[in-house]
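Okay, structure first, notes after.
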Amino acid sequence: MATYVMLAFKVDRRECAKTPAMAVDDLAQLRHTAAHLLAHAVVDIFGDDVKLAIGPAIENGFYYAFLKTPAFVPEDLPRIEARMKELIGEDLAMSGEPISRDAAEKHYRDRDQPFKLDILAGIPDGEPLSMYTIGAFTDLCRGGHVNSSKDVGAVKLMSIAGAYWRGDEHNPMLQRIYGTAFPEQAQLDEYLHRLEEAEKRDHRKIGRELDLFSIEEQAGPGLVFWHPNGGRIRSVIEDFVRKQLRDRGYEPVYSPHVVHEDVFLTSGHLQSFGESMFGPIDVEEQRYRLKPMNCPGHILIYKSKPRSYRDLPLLLAEFGTVYRYERSGTLHGLLRVRGLTQDDAHLFCTPDQLQGEYENTVDAALTMLRAFAFDDFRLFVSTRPTNALGDPQVWERAEAAIRNACDHAGLAYEIDEGGGAFYGPKLDIMVRDAIGREWQLSTVQVDFNLPGRFDLTYRGADGEDHQPVMIHRALLGSMERFFGVLIEHFAGAFPVWLAPVQAAVVPIGEAQFDYAEEIGARLRAADLRVAVDRSNERLQKKIAMHQAGKVPYMLVVGKSELASGEVNVRERGGSQRAMKPDEFVANVTAEIAART
RNA sequence: GCCGACGUAGCUCAGUGGUAGAGCAACGGUUUCGUAAACCGUGGGUCGUGAGUUCAACUCUCACCGUCGGCUCCA
C-alpha cells in the first residue's frame, strides 16, 4: 500500500498572495490538466453524483475539490490514480469551446452541480465563458492546458483533506484531493525525494531526537517547553540579539504578563483582537488579561513620565512573552503556538526621525538574519488600505521612509498595494532556507493609531506637545517560530556558535577518563559548551551517538593523545586531525566569533 | 473551530474479540575497546481518557482529549 506523504512545503499564505500570479508556464498548465483528469477519473469511478467544485494548479501540484457522500477514503486514491494513468496513456486531446452563460447554467442545472452554478454566478457578466473537454469529461474552465492527457506525464495523488467551499467556514465542507504532476517520472521521483528530505528536517522530529523542546499534552496544546538543549540555543540567540540591540541604542525593558483588562480596552486590542485573546482572570473583582502583545506595556512605560524631544528616539526592547488563542486546528509544532516570546521592540520617535529609525531597523534585521546563515531575502512593503486611519500625507511619508530604508539596504522590494493594516504601513522580510522554502520572519510596522489612543505626547523644541510616531518591530519574529525555522534550516546540525554541545570529549577507555576531564575543564574555561563522555561503550558507539546528536566536534583521546598531550579532533563531517587542546580552543573560538 | 486520519513502553513500531510484543533507550553485570551502534541479564504499558456492547474489548460503538494533513493559491 502506498504511503501518502504530506505536502511538506508549507508556505506562508501571505507569500502566495503576494507572489505575482505564477506565469502560466508549462508546469502549471500540465497540472491544471491533471486536475481535470482527476475529476474525470473520479466521475468515472464514482459516477455523476459527485459534486464538482474547482480544480486549479497550485504551487506544488494541483487539487480538485469535490463533495461526495460517503466521503472519499484514503484507499480510494490508488484507484483514482490508476484511472488517471489510464487516461494519460490514452492520449486524450484537451479542447476548449466558448459557451454562453445560459447554456452553461442549463448544463450545470441539468446535472445538479451547485458549486459550478455558484462559480458561474460569481463571474461578472460579459466575461467570456468556456468549457474544456478532455476525453469524456467536460468542465467549465478558463483554460490554460496542455494539449493532450499524455503531456501530463507523471502523476501522483498525495492526500485528501477537508476544505470549505471558497475557504469560508460558513460554506459546506468539501473534500480536496491533492496531487502533483510532472512531465517526466524522474522529476516526480525527485520531487518526492525532496519531500522526504524535508520530512527529515521536520523540527518536531528533530526537536525530539535532539531533546530540544516538547509540547506537553497535560499542559495544553501550543505551549512550548524548552529543554536544556533548546534552552542553551535560545540563550545564545538571546545574548546575541541583546548585544545587537544594545549597540543600536535600544533599552531593555520588562513588562508584566498579566495586566488589567482596561489596558487592552484603551489599546483597542480587546475590541479588535479579543477573539485571539485568552479569557479574563478575575482577581479581587477586577478583570485581568494575559497580554497578547507587548505594545501596550511599552506604551505605559513611555507614558510614565513627560517626554521631551530630547528623549527621542526611545527604543524599548523586550523578549516579550505573549499568549494568543489560536484555533486548535491551526497549531503546528513551534511554528504556530499559543504562547510565544517575541523579540519585540517599540520605537518612539519624532516624524523627522522615522526615516533614520526605519533604516536602522531594517539594517538590524538583515544583520541578524545573516548571522543565522540566511542570505536570500524578499521584502514586502504594505501600503495604505482603504479603511486606513489618519492623514494620507502622513501615510505617504511613512511609506516613502520604508521604501527608502529598503533602498538604503540595497535590496529590492515588492509592494502590496493597500495591504497595510488600518493603523500603518509596514515592511515584512521573508527569508529562504537551506532547501528553498520561504519563511516570514521580520516585520517592521508603523503605527498611527496607538499613540493617539494612549494620548502619547512629547514636548517639542517649539514648546508645544506633539504626538510621537511609533514603530513596532520583531526581527526574528518569535523565539519559538524562529527556533523551528532554524532547526529546519540547519536540519539540527547547528553551527558551532549555536550548538548546545559544541564539543564532546571522548575517551577511548577508562584509562583516559581523567585526561578527558582535564580537557573538558580546559574547554569550559574557554567558555565552550562541552560534554565528557564517560559512558562504558566502545569508541564506535560513542562516535555514533554524538554524531546522531549532531555535535560539531568530537575530541577523541586515547593512549597516544594522552602520551602526546593532544586531542584527536573529529569534525561533524568525519574528518579528523590531532592537535594540541589550545589549538582547538583557538580554532573554535575564532569560528564562534565568526558565527560560521 | 470544521473535515478526514491517527493515538500500544521514553523513542520507532508489531499485534483484527480470548491473559500485551520487538528493536533502540533505561537499569545491573561482563568487556576497556582507536573513529557511525560489543555481549549477558533486569525492570518498564490503567493499550490517550471516560462511557457502552459482549461471557470476554488494545481490538467493536459513542463522547471527550491530543497529534497529523487541509480549510484565500479560485471557473
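Every chain is numbered from 1 and lettered A, B, ... according to where its sequence line falls, protein lines coming before strand lines.
Put simply, NZ on A:Lys51 is 18 Å from C1' on B:A75, counting in whole angstrom units. Atom CG in A:Leu174 sits about 16 Å away from atom P in B:C74, given to the nearest Å. Atom NZ of A:Lys541 is separated from atom C1' of B:U31 by 13 Å (rounded to the nearest Å). One can place NE2 of A:His36 at 9 Å from P of B:A75, the figure rounded to the nearest angstrom. Between the CD atom of A:Glu209 and the P atom of B:C24 there is a distance of 17 Å, rounded to whole Å. The interatomic distance linking A:Asp533 (CG) with B:U35 (C1') rounds to 13 Å, in whole Å. Straight-line distance from the CG atom of A:Leu210 to the C1' atom of B:C11: 13 Å, rounded to whole Å. One interatomic measurement links the two molecules: OH of A:Tyr63 to P of B:G70, which rounds to 13 Å at whole-angstrom precision.
Of the candidates B:G1, B:U12, B:G34, the closest approach to any side-chain atom of A:Arg208 belongs to B:U12. Relative to the side chain of A:Asn536, the nucleotides B:U67, B:C33, B:G69 differ in distance, and B:C33 lies closest. Considering only side-chain atoms of A:Pro56, the nucleotide from B:G69, B:C71, B:C74 that sits closest is B:C74. Of the candidates B:G1, B:A75, B:G34, the closest approach to any side-chain atom of A:Ser328 belongs to B:G1. Listed nucleotides: B:U32, B:G69, B:C73. Nearest to the side chain of A:Ile58: B:C73. The A:Arg142 side chain lies nearest to B:A75 when the options are B:C68, B:A75, B:C71. The listed nucleotides are B:A36, B:C33, B:C73; the one nearest the side chain of A:Arg570 is B:A36. Each of B:G1, B:A75, B:G69 was ranked by its minimum atom distance to the side chain of A:Thr330; first place goes to B:G1. Candidate nucleotides B:U35, B:G66, B:C3 were compared by shortest atom distance to the side chain of A:Met173, and B:C3 ranks first.
At the heavy-atom level, A:Pro128 lies under 4.0 Å from base atoms of the strands shown. Looking at heavy-atom distances under 4.0 Å, A:Ile54 makes contact with sugar-phosphate atoms alone, never a base. Nucleic acid contact class of A:Glu561 (heavy atoms, under 4.0 Å, all strands): base. Across all strands, A:Arg166 comes closer than 4.0 Å to base atoms (heavy-atom distances). Counting non-hydrogen atoms under 4.0 angstrom, A:Met545 reaches a base of the nucleic acid. Using a 4.0 Å heavy-atom criterion, one finds that A:Leu120 contacts no nucleic acid atom at all. As judged by a 4.0 angstrom heavy-atom cut-off over every strand, A:Gln576 is placed among the base-contacting residues. A:Arg176 comes within 4.0 angstrom of sugar-phosphate atoms only, judged by non-hydrogen atoms across all strands, and of no base. A:Gly167 comes within 4.0 angstrom of sugar-phosphate atoms only, judged by non-hydrogen atoms across all strands, and of no base. Nucleic acid contact for A:Lys542: none, since no nucleic acid atom lies under 4.0 Å from a heavy atom of the residue. Residue-level contact check: A:Asn568 touches the bases, meaning some heavy atom is under 4.0 Å from a base atom.
Between A:His32 and A:Phe62, a ring centre-to-centre spacing not shorter than 6.0 Å is recorded.
Under 3.5 Å, the side chains of A:Asp102 and A:Ser100 contain no donor-acceptor pair of N or O atoms. Between the side chains of A:Asn60 and A:Thr180, no donor-acceptor pair is found at a separation under 3.5 Å. Side-chain atoms of A:Asp139 and A:Tyr64 include a donor-acceptor pair closer than 3.5 Å. Counting only N and O atoms by type, the side chains of A:Gln29 and A:His145 include no donor and acceptor under 3.5 Å apart. Using modelled atom types and a 3.5 Å distance limit, the side chains of A:Glu196 and A:Tyr191 yield no donor-acceptor pair. Side-chain polar atoms of A:His193 and A:Asp189 form no donor-acceptor pair below 3.5 angstrom.
To the nearest whole angstrom, the two P atoms, one in B:G23 and one in B:A5, are 33 Å apart. Separating the P atom of B:C62 from that of B:C3 is a span of 14 Å, rounded to the nearest Å. Atom name C1', nucleotides B:G70 and B:G44: the rounded distance is 38 Å, in whole Å. Here the separation of B:U19 from B:G69, taken at their P atoms, is 37 Å to the nearest Å.
Checked by distance alone, A:Gln540 brings no side-chain donor or acceptor within 3.5 Å of a matching partner on the base of B:U35. Donor-acceptor pairing under 3.5 Å, judged by distance alone, is present between the side chain of A:Tyr164 and the base of B:G1. One cannot find a donor-acceptor pair under 3.5 Å joining the base of B:C11 and the side-chain atoms of A:Asp211. The base of B:G34 lies close enough to the side chain of A:Ser560 for a donor and an acceptor atom to sit less than 3.5 Å apart.
Pair assignment for B:U46 gives none, since no Watson-Crick or G-U wobble pairing has each distance under 3.5 Å. B:G52 and B:C60 make up a base pair, with Watson-Crick or G-U wobble contacts both under 3.5 Å. Summarising the base pairing, B:C27 is matched to B:G41 through a Watson-Crick or G-U wobble pair whose two defining distances lie under 3.5 Å.
Atom CG of A:Leu188 is separated from atom CG of A:Leu192 by 4.5 Å, given to the nearest 0.5 angstrom.
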